[in-house]
Amino acid sequence: MTAPPLVLQWGRERYMLKYDDEDLRDTTLGQFKEVCREVTGVPSSGMKLIFSGATMKDDSSPLAYYGVYPGASVKLIGRKDSGEQSTPVTQEEREENALIHKIDDISNEATDRLSSRMQAYLADAQLYMDQFLSGAMGDMDADALAPIKSSERKKLDDAYTYMSEALMQYLLKVDSVECPLNADKARQRRRQAVRLLHSWLDQIDSKNTSVKQAEANVSQ
C-alpha cells in the first residue's frame, strides 16, 4: 500500500512530499530542512519546523524520532531572506509558479476531499470481508443476515464508485495543466500529483477486486 504524502504547511501554502516509513527513519531533520528550503525558498538556518505542537530542534535526529508518520502535517515557520525576495523574477518563472500553484491546488483539493474517504473505504471493505465472507457470522440466521449484508455491500459499491469517478476527474484536471518543455519544476510537480492520484486509485481498485474474489470463493 502506498503511503499517503507528508504535508508541509507554510502559511497558506501546502506541499505534498513523498515520504514512507523507511524514508522517515533514514531522513534527518537537517536533511528535511534542505528539502523544505528547496520547496519554499526559506533558508534552513532561519526556519522552524513544528510537529504536533512541538518544535523539532535536533538536526541530527531522524524524522521518525519526532513521531512524524506518512500523511502527517508539519508546519514550517520562516521567511525568505531579503536577498531572495529582491531577486528579479522572470516572466517564465512567474508562469511556471502559477502552473505549480494550480497543480498544488488540485492535489490539495483531492487530498481534502478523498483522503479520509479512501481510508474509511479500505477499512470498511476489509471489515465486510471479515464479517460476511469469512464465515464469522455463520451462526446467524441467513434470512436475517441477508439484508444487512446487502446494505453493507451497497455502501461499499457507492463509496468505490464515488471515489473512482472523483479520482479520474482529478487526474483529468492535472493532465489538462499544460507545462512547457522548459518548465521542469512544474512538470515534476505534475508527475508527482499524477503518481499520488494513481496510487490512491490502485489501492481502491485492489481492495474492490479482493472483495469480489472473496465473494466468488464463498459462492463456489
Side-chain angles (χ1 to χ4, degrees), residues 1-20 23-24 27 31-44 47 49 68 70-80 84-122 159-208:
M1 181 181 297
T2 303
L6 185 67
V7 182
L8 176 66
Q9 298 178 326
W10 178 47
R12 296 182 179 180
E13 304 293 335
R14 288 196 300 174
Y15 303 92
M16 304 298 164
L17 306 176
K18 188 176 180 181
Y19 281 86
D20 57 23
D23 295 329
L24 295 173
T27 304
Q31 292 170 332
F32 184 64
K33 283 183 176 180
E34 284 303 306
V35 173
C36 295
R37 179 188 62 78
E38 293 175 0
V39 171
T40 65
V42 176
S44 56
M47 70 173 60
L49 292 173
V68 180
S73 294
V74 175
K75 185 176 182 180
L76 184 153
I77 297 178
R79 299 178 60 183
K80 295 181 180 181
E84 187 166 350
Q85 287 179 333
S86 62
T87 301
V89 179
T90 66
Q91 179 64 25
E92 289 78 9
E93 289 174 328
R94 282 194 292 269
E95 292 175 353
E96 183 171 19
N97 287 336
L99 291 173
I100 291 173
H101 282 299
K102 186 174 183 179
I103 295 167
D104 285 346
D105 285 344
I106 297 172
S107 296
N108 292 339
E109 181 183 333
T111 298
D112 291 341
R113 179 182 172 190
L114 300 176
S115 180
S116 60
R117 284 177 179 266
M118 183 189 69
Q119 298 302 325
Y121 168 78
L122 296 176
Y160 171 77
T161 300
Y162 175 87
M163 287 185 295
S164 59
E165 290 179 353
L167 285 169
M168 290 304 299
Q169 290 172 0
Y170 284 119
L171 281 167
L172 289 174
K173 285 184 179 181
V174 173
D175 190 58
S176 69
V177 179
E178 297 184 4
C179 301
L181 291 176
N182 62 339
D184 294 334
K185 293 180 180 179
R187 291 168 69 86
Q188 181 181 11
R189 190 64 60 85
R190 186 175 63 180
R191 286 194 296 269
Q192 291 173 342
V194 168
R195 284 199 298 268
L196 174 65
L197 295 171
H198 268 302
S199 72
W200 289 358
L201 193 58
D202 289 344
Q203 288 181 58
I204 64 172
D205 282 346
S206 176
K207 185 60 73 174
N208 184 51

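These values consider heavy atoms only, across backbone and side chains, with no hydrogens, waters or symmetry-generated copies.
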Exercise for the section: Starting from the C-alpha separation in whole Å, work towards a yes-or-no answer on side chain to side chain contact (heavy atoms under 4.5 Å, CB included) for Met118 and Met163. Expected result: CA-CA 7 Å; Met118 183 189 69; Met163 287 185 295; 4.1 Å; yes
Does a side-chain heavy-atom distance below 4.5 Å link [X] with [Y]?
| X | Y | result |
| --- | --- | --- |
| Leu8 | Val35 | no |
| Arg37 | Met47 | yes |
| Arg14 | Asp104 | no |
| Asp205 | Tyr160 | yes |
| Thr111 | Tyr170 | no |
| Lys185 | Glu96 | yes |
| Met168 | Leu201 | yes |
| Val74 | Leu17 | no |

Interatomic distance, [X] atom [atom1] to [Y] atom [atom2] [nearest 0.5 angstrom]:
| X | Y | atom1 | atom2 | value |
| --- | --- | --- | --- | --- |
| Asp175 | Arg190 | CG | CZ | 6.5 Å |
| Asn108 | Glu13 | CG | CD | 9.0 Å |
| Arg79 | Ile77 | CZ | CD1 | 13.0 Å |
| Glu95 | Leu99 | CD | CG | 7.5 Å |
| Tyr121 | Lys207 | OH | NZ | 8.5 Å |
| Gln9 | Leu76 | CD | CG | 10.5 Å |

Output yes when a side-chain donor or acceptor of [X] lies under 3.5 Å from a complementary backbone atom of [Y], and no otherwise.
| X | Y | value |
| --- | --- | --- |
| Arg187 | Cys179 | yes |
| Thr27 | Leu24 | no |
| Trp10 | Gly78 | yes |
| Asp23 | Asp20 | yes |
| Asn97 | Glu93 | yes |

Practice task
Return the minimal non-hydrogen interatomic distance between Ser107 and Ala193, and the atom names on each side.
Solution key: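 Distance-wise, the nearest heavy atoms are OG-CB, 3.3 Å.
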Exercise for the section: Search all heavy atoms of Ala186 against all heavy atoms of Ile100 and return the closest pair with its distance. Expected result: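 Looking at all heavy atoms of both residues, the closest pair is CA-CG1, 3.7 Å.
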